[in-house]
Amino acid sequence: MSNNIINVAIDGPAGAGKSTVSRAAAKAVGYIYVDTGALYRAVGVNALRKGIDTKDKLSVAATLSEISVDLVFENGEQKVLLNGEDVSFEIRTPPASMAASDVSAVPEVRAFLFDLQRDIAARNNCIMDGRDIGTVVLPDAKVKIFLTASPEERAMRRYKELIEKGSKVEYKEVLEDLIQRDYNDSHREIAPLKPAQDGVILDTTGLNLEQSVNEIIRIIKEKI
Ligand code: DC
């Protein structure tokens, strides 16, 4: 990695506000924002479309030889392409979230998406968010932040987001899904969700978006 390139890794559980906060902070510091969850979601959507049981690791791994997943950036906005098709909208449904969590536990899937993430980070000043960015993908990132909040607050944020988009969901269902995904993401054998030892933990429970973004910017400026 070139020394002039600055990478900021932001990891944390589902619904911690990583994408909203990272996008706003990236804009403020002039870096690109890379949402790596979108890559796992695209692999999950492909498996769902094929009618594959996303918990069946062998079948999921077998889908990889037939697909290409790419990220493109237009006016700073990321789009995720599955075999050249823009699936940025389809990857946001609750079934796609659960499928992403399932396929992300498959070692072949993580290996398949690794180089793409590293290449983008090597070429761009970026804020990259995910679960294993500071621990596995970019262990040399200049700044590493673990963004978290209580499960109830995270579920409420996600619930409001889904309702605003017109989804018909129950809060209880969103909370249960989130607790299940937290468990999956932090207990899988490969690259489990955990704070990097040399990172900063930022708990945004009780902080609004602006306060969270300001904290992130402060941490970035302090480290670079
Ligand atoms: O950030 P997200 O909710 O869009 O991520 C979707 C799923 O992908 C999540 O359940 C865990 C997985 N993921 C991962 O394992 N590693 C990453 N770097 C990003 C996401």
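Counting convention: from 1, in listed order, for ligands and their atoms alike. These values consider heavy atoms only, across backbone and side chains, with no hydrogens, waters or symmetry-generated copies. We count residues from 1, following the sequence as given.
Using modelled atom types, one finds no donor on one side chain facing an acceptor on the other under 3.5 Å when comparing S97 with R158. Side chains of Y33 and D129: a donor on one and an acceptor on the other come within 3.5 Å.
When all heavy atoms of P13 and T148 are compared, the closest pair comes out as CG-OG1, 3.6 Å.
For ligand 1, one of its N or O atoms has an N or O atom of R41 under 3.5 Å away. For ligand 1, the polar-atom distance check finds an N/O of T36 within less than 3.5 Å of one of the ligand's N/O atoms. Below 3.5 Å of separation, one finds an N or O of R181 facing an N or O of ligand 1. Looking at ligand 1, you won't find any N or O of D35 less than 3.5 Å from one of its N or O atoms. Backbone and side-chain nitrogen or oxygen atoms of R110 are examined, and one is located within less than 3.5 angstrom of a nitrogen or oxygen of ligand 1.
Sparse packing is recorded around CD of E189, with 12 or fewer heavy atoms of other residues, nucleotides or ligands lying under 6.0 Å away. Atom CZ of F73 has more than 12 neighbouring heavy atoms from other residues, nucleotides or ligands inside a 6.0 Å radius.
For atom 8 (O) of ligand 1, the nearest non-hydrogen atom of the protein is Y40 CB, 3.5 Å. With respect to atom 7 (C) of ligand 1, the closest heavy atom belonging to the protein is A100 CB, 3.7 Å.
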>> Go through it in stages, so that I can follow the logic: the residues are L39 and F112, the test is side chain to side chain contact (heavy atoms under 4.5 Å, CB included), and I'd like the CA-CA distance, side-chain angles, deciding distance and then a yes or no.
In response: CA-CA 10 Å; L39 301 171; F112 177 75; over 6 Å; no

> V137 and R118: side chain to side chain contact (heavy atoms under 4.5 Å, CB included), yes or no, with the steps?
Replying inline: CA-CA 7 Å; V137 178; R118 291 278 290 220; 4.2 Å; yes

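Here is the list of ligand 1 atoms found below 4.0 Å of a heavy atom in S104: 11 (C), 12 (C), 15 (O).
The backbone and the side chain of S101 each have at least one atom closer than 4.0 Å to an atom of ligand 1 (non-hydrogen atoms only).
Among R188, M128, R131, the residue whose heavy atom lies nearest to atom 17 (C) of ligand 1 is R131.
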